[in-house]
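Structure record follows, encoded as structure tokens.
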Amino acid sequence: MLREQDLGHRIVVRRRVGVRGGRPVYSDALGELVELTETHLTLTTRQGRLRVPIAEVHRAKRVPAARRPTAAAMVELELAADEAWPAPVRARLGDWLLRDADGWTGRANSALPVGDPDRPLPAAVDAVERWYAGHGRPAMVNTPLPLAAPVGSELDRRGWGSRPPVLVQTVPLATLSASAPSDAVAAAAGIPGDPTGQDGSAGPVVELAAAPSADWLAVAAGRKGGLPDAARHVLTAVDQIRFAHAYVDGALVGIGRGTVTGQGRWLGLCLIEVLPVARRQGLAVRLIRALADWAADAGATDAFLQVEQSNTGAVALYRKLGFTTHHTYLTRVAPQ
């Protein structure tokens with residue numbers, strides 16, 4: 001049976017649709033799982049959205065993606081993502097990237113094994129372990145899948161652990177602009193139709209800035225567990241960047257960060273955060289829309305984000321905005 005970890009993936013569902021001659025009649029559906037509750041599952045198919053009561057499900061399972069991205073497409077996107085989240089300390093192992101940011105976030109403190117490390121795979125992993133030991137950090141490797149599956153097998157052999165799976169999701173900017181905040185998406189995200197609050201207060205205002213405000217940094221620090229000097233480099237050391245600030249009655253209630261990298265093609269979205277007091281009002285959609293409009297004006301054509309597979313609420317929201325899973329990655333951690 002399906003689990004929350006299957007959200008955002010392609011599935012096949014066999015369901016009971018009736019009885020004929022005393023025997024149950026089944027129908028199969030193939031699509032992407034976008035919602036899973038105790039009573040229903042919802043998938044998007046070529047014919048549209050299909051909501052199936054759990055009581056009607058005879059069998060359901062995840063199946064391989066219809067078309068996997070090419071190796072070149074995965075490398076392009078991974079390098080754009082690296083450019084959007086730049087570690088202050090970097091080195092190369094052939095084509096592989098070694099990154100250190102004083103331990104702040106897994107992405108900025110892990111090796112990225114794309115391309116040729118200029119040595120046999122076991123020797124490359126040995127070199128990764130030595131480099132991180134020299135920097136006083138546990139060795140970590142970010143393995144985009146299926147591209148880095150051979151690296152993952154070598155790490156399995158050595159007994160490396162794994163953090164939760166992360167979905168790398170993409171959408172054309174034209175699709176994102178067209179879908180948010182449409183009436184359907186706004187309703188699903190809880191955006192009120194009236195620009196003022198129910199109590200007569202002013203509605204949310206989203207502003208973009210080339211640098212984060214002190215309040216923006218405070219919200220980010222709360223989410224990420226502090227902001228060391230290396231974190232400020234990761235957050236700001238990108239040429240094309242905007243920090244989204246959402247205000248209600250002058251108080252900051254939401255933040256977001258957008259970058260344009262990958263030779264100007266990719267908008268990278270991250271740190272979309274709404275404070276508890278302002279959630280379920282559609283502010284996340286407004287933040288994303290503002291950053292998407294800025295990126296489109298800058299010449300970008302596509303957007304990407306990275307979201308933990310277990311974050312079902314975010315996965316569902318991004319699916320409503322048109323995001324689909326391009327590939328996944330695992331952050332692998334050396335045994336201590």
Side-chain angles (χ1 to χ4, degrees), residues 8 34 44 49 80-81 84 167-197 201-213 215-216 219-220 223 235 238 240-262 264-307 311 313-326:
V34 296
T44 56
R49 292 171 67 90
L167 307 179
V168 181
Q169 299 199 310
T170 62
V171 66
L173 277 182
T175 299
L176 188 57
S177 296
S179 65
S182 68
D183 292 343
V185 173
I191 300 175
D194 189 333
T196 61
S201 59
V205 175
V206 175
E207 298 178 357
L208 301 186
S213 68
D215 287 344
W216 193 105
V219 174
R223 175 171 174 175
L235 288 172
V238 181
Q240 295 193 82
I241 190 168
R242 289 294 184 272
F243 296 87
H245 303 67
Y247 297 96
V248 172
D249 291 333
L252 183 71
V253 295
I255 65 170
R257 176 180 178 271
T259 55
V260 173
T261 60
R265 174 184 174 182
W266 291 101
L267 163 65
L269 293 165
C270 69
L271 289 172
I272 307 298
E273 179 79 5
V274 177
L275 299 184
V277 68
R279 288 177 184 165
R280 302 194 65 78
Q281 299 179 43
L283 284 181
V285 175
R286 294 184 186 274
L287 289 161
I288 291 169
R289 176 61 183 273
L291 291 167
D293 289 346
W294 161 75
D297 289 343
T301 58
D302 299 276
F304 77 89
L305 54 80
Q306 298 166 326
V307 57
N311 189 349
V315 171
L317 171 61
Y318 297 143
R319 182 63 186 84
K320 290 184 176 79
L321 296 178
F323 282 91
T324 58
T325 299
H326 187 272

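- Between T324 and V171 there is no side-chain heavy-atom pair separated by less than 4.5 Å.
- Considering every non-hydrogen atom in both V260 and A295, the closest pair reads CG2-CB, 4.0 Å.
- With contacts defined as side-chain heavy-atom distances shorter than 4.5 Å, the pair W216/L271 qualifies.
- Annotation for L173 and A300: closest pair CD1-O, 3.3 Å, computed over non-hydrogen atoms.
- In this structure, OG1 in T325 is found 9.0 Å from CZ in R319, a value given to the nearest 0.5 Å.
- Nearest approach of A246 to V206, heavy atoms of both residues: CB-CG2, 4.1 Å.
- With sequence neighbours left out, H245 forms a side-chain hydrogen bond (donor to acceptor under 3.5 Å, both in side chains) with S213.
- Between the OG1 atom in T259 and the CZ atom in F243 there is a gap of 9.5 Å [rounded to 0.5 Å].
- Here the side chain of T261 pairs a donor or acceptor atom with the backbone of A80 at under 3.5 angstrom.
- Here the CG-CZ distance, from L305 to F323, works out to 4.0 Å after rounding to the nearest 0.5 Å.
- Here the closest non-hydrogen pair linking V253 and A278 is CB-CB, 3.7 Å.
- Among residues two or more places apart in sequence or in another chain, the salt bridge (Lys or Arg N to Asp or Glu O under 4.0 Å) test is passed with D215 by none.
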Exercise for review: Take L267 and W294 through the side-chain contact (heavy atoms from CB on, under 4.5 Å) test and state the conclusion after the steps.
Suggested key: CA-CA 9 Å; L267 163 65; W294 161 75; 4.1 Å; yes
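- Note that the CZ atom of R286 and the CG atom of L291 stand 14.0 Å from one another [nearest 0.5 Å].
- Applying the salt bridge (Lys or Arg N to Asp or Glu O under 4.0 Å) rule to pairs touching residues 264-278 yields E76-R265, R223-E273, R265-D302, E273-R279, sequence neighbours excluded.
- Side-chain atoms of R257 come within 3.5 Å of backbone atoms of L235 as a donor-acceptor pair (strictly under, hydrogens ignored).
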**Study point:** Test side-chain contact (heavy atoms from CB on, under 4.5 Å) applied to Y318 and I272, step by step
**Key:** CA-CA 11 Å; Y318 297 143; I272 307 298; 4.3 Å; yes
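- If you take CD on Q169 and CZ on F304, they are separated by 12.5 Å, rounding to the nearest 0.5 Å.
- Using a 4.5 Å cut-off on side-chain heavy atoms (C-beta onward), V274 and L287 make contact.
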**Study point:** Pair L275-L283, side-chain contact (heavy atoms from CB on, under 4.5 Å): steps then yes or no
**Key:** CA-CA 10 Å; L275 299 184; L283 284 181; over 6 Å; no
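- Here CD1 of I255 is found 9.0 Å from SG of C270. Values are rounded to the nearest 0.5 Å.
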